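A quick write-up on the structure given underneath.
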Amino acid sequence: MPELPEAEAARQRIEAGALNRTITGVFLGEVSHMSLPSADELAGFVGTQFTRTQRHGKYIFAGSKDGPWLHIHLGMAGSLRVVDTDETPPKYVRLSIAFEGGTQLLFRDPRKFGHIQLIEDVEAFIDGKGLGPDALQIGDNAFANRVGTTRGAIKSALLSQKKLAGVGNLWADEALYQTGIHPEARACDLPTGKIASLHGTMRDILGAVIDTGAVYSKLPEDWLIHNRKVGAACARCDGGEITVKKVGGRSSYHCPAHQMRND
DNA sequence: TTTACTGTTAGGAC
DNA sequence: TGTCCTAACAGTAA
């Protein structure tokens with residue numbers, strides 16, 4: 001369920017279990033219709049080590065010291081794990097990278113929306129994609145200028161990776177829910193104080209999810225994530241009921257009782 | 001059997 | 001030119 005916190009948790013797993021270990025083999029699974037490097041290209045990593053990682057928004061990078069970077073995007077359903085080589089692999093593993101010492105990094109992606117690419121330069125890649133600042137790094141002014149000035153729905157602004165990188169449907173809904181803003185509210189009409197508190201809430205949410213390793217059951221009970229279905233009782237106000245509405249083409253779960261519109 | 005889904009992107013409308 | 005919306009991508013689960 002990959003947005004920024006899931007990507008960051010995955011990056012940390014690479015950092016903890018796959019860094020500075022010699023790569024002994026790279027294996028592709030069933031990858032029809034997927035955008036991945038060829039087996040020959042990936043074979044270039046054998047004998048080398050990943051020595052550093054980076055993340056920008058939902059984009060993960062693992063690099064060898066002087067060689068190319070492996071860029072991984074988890075798509076809609078991808079995940080990364082480090083497991084022992086003798087462990088039975090789960091279904092839908094698209095790429096596995098084996099390391100000296102008996103561990104391997106697995107890229108699992110049932111829906112095949114993820115992709116992997118070899119790149120030379122992370123900054124150039126981010127520029128080329130036109131990604132905005134990382135949602136955890138963006139400053140108050142930049143957030144206000146990029147998100148708070150949008151003429152469309154605030155929900156759509158949060159989802160735009162060009163305005164800020166890393167927020168997806170799930171955590172956009174959570175941030176608006178906890179800040180008390182209706183997903184359809186026009187961003188540029190929101191008071192500056194509301195934009196500032198949205199920024200703070202969003203940062204807190206992303207940080208808290210990362211702290212759990214993106215294990216949702218460890219998140220506080222009054223978060224929307226635990227009541228994300230139509231008709232559920234709102235945990236933040238008396239008598240509120242969760243409803244869903246398409247905003248910018250995405251299902252937007254919210255509580256109309258405490259999430260205010262501004263038009 | 002039908003429908004929806006947490007992401008990205010190309011193409012079209014305004 | 002900029003901004004926004006929709007459809008499409010592939011596979012699974014409800």
Side-chain angles (χ1 to χ4, degrees), chain A residues 1-10 28-36 55-60 71-80 90-95 107-117 119 125-132 134-135 145-177 183-189 202 205-206 208-210 212-217 219 223-232 242-254 263:
Chain A
M1 303 142 199
E3 298 179 31
L4 184 152
E6 294 79 9
E8 174 61 16
L28 288 171
E30 198 286 290
V31 295
S32 56
H33 304 288
M34 290 186 75
S35 170
L36 298 182
R55 180 196 55 73
H56 189 95
K58 309 170 190 175
Y59 295 75
I60 303 165
H71 153 57
I72 300 171
H73 193 289
L74 299 174
M76 286 277 261
S79 61
L80 286 175
K91 285 179 77 175
Y92 313 121
V93 170
R94 308 302 177 188
L95 173 72
F107 169 59
R108 184 175 175 272
D109 185 13
R111 288 182 67 187
K112 295 183 166 181
F113 271 89
H115 46 90
I116 295 180
Q117 216 179 317
I119 63 167
F125 175 84
I126 292 168
D127 284 350
K129 288 277 179 196
L131 295 177
D134 184 82
N145 290 334
R146 290 174 157 270
V147 176
T149 58
T150 308
R151 289 189 291 276
I154 183 69
K155 167 79 180 272
S156 303
L158 286 176
L159 289 183
S160 165
Q161 303 300 299
K162 291 182 165 49
K163 294 186 189 301
L164 82 171
V167 177
N169 202 33
L170 214 52
W171 303 124
D173 278 0
E174 189 71 54
L176 294 171
Y177 175 80
E184 286 179 309
R186 250 166 78 100
C188 61
D189 291 344
M202 176 197 77
I205 289 170
L206 297 176
V209 179
I210 291 167
T212 68
V215 177
Y216 300 166
S217 58
L219 294 167
W223 281 31
L224 177 65
I225 184 83
H226 301 302
N227 299 296
R228 214 169 183 281
K229 51 180 181 261
V230 174
I242 304 301
T243 60
V244 69
K245 193 164 199 175
K246 291 274 184 203
V247 181
R250 318 294 300 185
S251 297
S252 299
Y253 289 83
H254 63 286
D263 55 10

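Every value quoted in this text rests on a predicted model; they were computed, and no experiment measured them. Convention: sequence-line order gives letters A, B, ...; per-chain numbering from 1.
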Looking at every strand, decide which applies to H115(A) at a 4.0 Å heavy-atom threshold: base, sugar-phosphate, or nothing.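 Here H115(A) touches no strand at all.
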Looking at every strand, decide which applies to K129(A) at a 4.0 Å heavy-atom threshold: base, sugar-phosphate, or nothing.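 Result for K129(A) = sugar-phosphate.
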Is it true that R250(A) and D173(A) make a salt bridge, defined as a side-chain N closer than 4.0 Å to a carboxylate O?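 Salt bridge flag = no for D173(A) with R250(A).
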Thinking salt bridges, do K58(A) and E6(A) make one under a 4.0 Å N-O criterion?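 Looking at E6(A) together with K58(A), the answer is no, because their closest N to O distance does not fall below 4.0 Å.
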Quickly, which of L28(A), I72(A), D109(A) forms a side-chain contact (heavy atoms from CB on, under 4.5 Å) with L36(A)? Name it, please.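 The residue from L28(A), I72(A), D109(A) that satisfies side-chain contact (heavy atoms from CB on, under 4.5 Å) with L36(A) turns out to be L28(A).
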Output the rounded distance in Å from [atom1] ([X]) to [atom2] ([N]).
{"X": "D109(A)", "N": "dT8(B)", "atom1": "CG", "atom2": "C1'", "answer": "13 Å"}
{"X": "K229(A)", "N": "dT3(B)", "atom1": "NZ", "atom2": "P", "answer": "23 Å"}
{"X": "L159(A)", "N": "dC5(B)", "atom1": "CG", "atom2": "C1'", "answer": "14 Å"}
{"X": "N169(A)", "N": "dG7(B)", "atom1": "CG", "atom2": "C1'", "answer": "10 Å"}
{"X": "E6(A)", "N": "dG7(B)", "atom1": "CD", "atom2": "C1'", "answer": "12 Å"}
{"X": "L206(A)", "N": "dT6(B)", "atom1": "CG", "atom2": "C1'", "answer": "13 Å"}
{"X": "D173(A)", "N": "dC5(B)", "atom1": "CG", "atom2": "C1'", "answer": "13 Å"}
{"X": "I72(A)", "N": "dT8(B)", "atom1": "CD1", "atom2": "P", "answer": "15 Å"}

Any [X] side-chain N or O less than 4.0 Å from OP1/OP2 of [N]:
{"X": "S251(A)", "N": "dA4(B)", "value": "no"}
{"X": "K246(A)", "N": "dC5(B)", "value": "yes"}
{"X": "R151(A)", "N": "dG2(C)", "value": "no"}
{"X": "S160(A)", "N": "dC4(C)", "value": "no"}
{"X": "Q161(A)", "N": "dT8(B)", "value": "yes"}

Which nucleotides of nucleotides 9-14 of chain C have their base under 4.0 Å from a protein heavy atom (B), which only their sugar-phosphate (S), and which neither (-), written as one string 5' to 3'? BBBS--
With the side chain of K163(A) defined as its heavy atoms from C-beta on, choose the nearest nucleotide among dT8(B), dC4(C), dC5(C).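 The answer is dC4(C), which lies nearest to the side chain.
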Are R55(A) and L4(A) side-chain neighbours, meaning at least one heavy-atom pair lies under 4.5 Å?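 SC-SC contact between R55(A) and L4(A) confirmed.
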May I ask you to test the K112(A)-E30(A) pair for a side-chain heavy-atom distance under 4.5 Å?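 Answer yes - side chains close enough.
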Please verify the inter-ring angle class for H115(A) with H73(A); under 30° counts as parallel, over 60° as perpendicular, anything in between as tilted.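 Judged by the thresholds at 30° and 60°, the geometry between H115(A) and H73(A) is parallel.
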Within the side chain of H226(A), is there an N or O that forms a donor-acceptor pair under 3.5 Å with the backbone of S217(A)?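 Side chain of H226(A) to backbone of S217(A), a donor-acceptor pair under 3.5 Å: no, none is there.
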Watson-Crick or G-U wobble partner of dT2(B), both distances under 3.5 Å: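 Across any shown strand, dT2(B) pairs with dA14(C).
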What is the base-pairing partner of dC9(C), counting Watson-Crick and G-U wobble geometry with both distances under 3.5 Å?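 For dC9(C), the partner nucleotide comes out as dG7(B), under the 3.5 Å rule.
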Before we go on, tell me: are the rings of W171(A) and Y216(A) under 6.0 Å apart, centre to centre?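 Judged by ring-centre distance (under 6.0 Å), W171(A) and Y216(A) do meet the cut-off.
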Hey, which sits more toward the 5' end of DNA chain C by its nearest nucleotide, R250(A) or T150(A)?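 Of the two residues, T150(A) wins.
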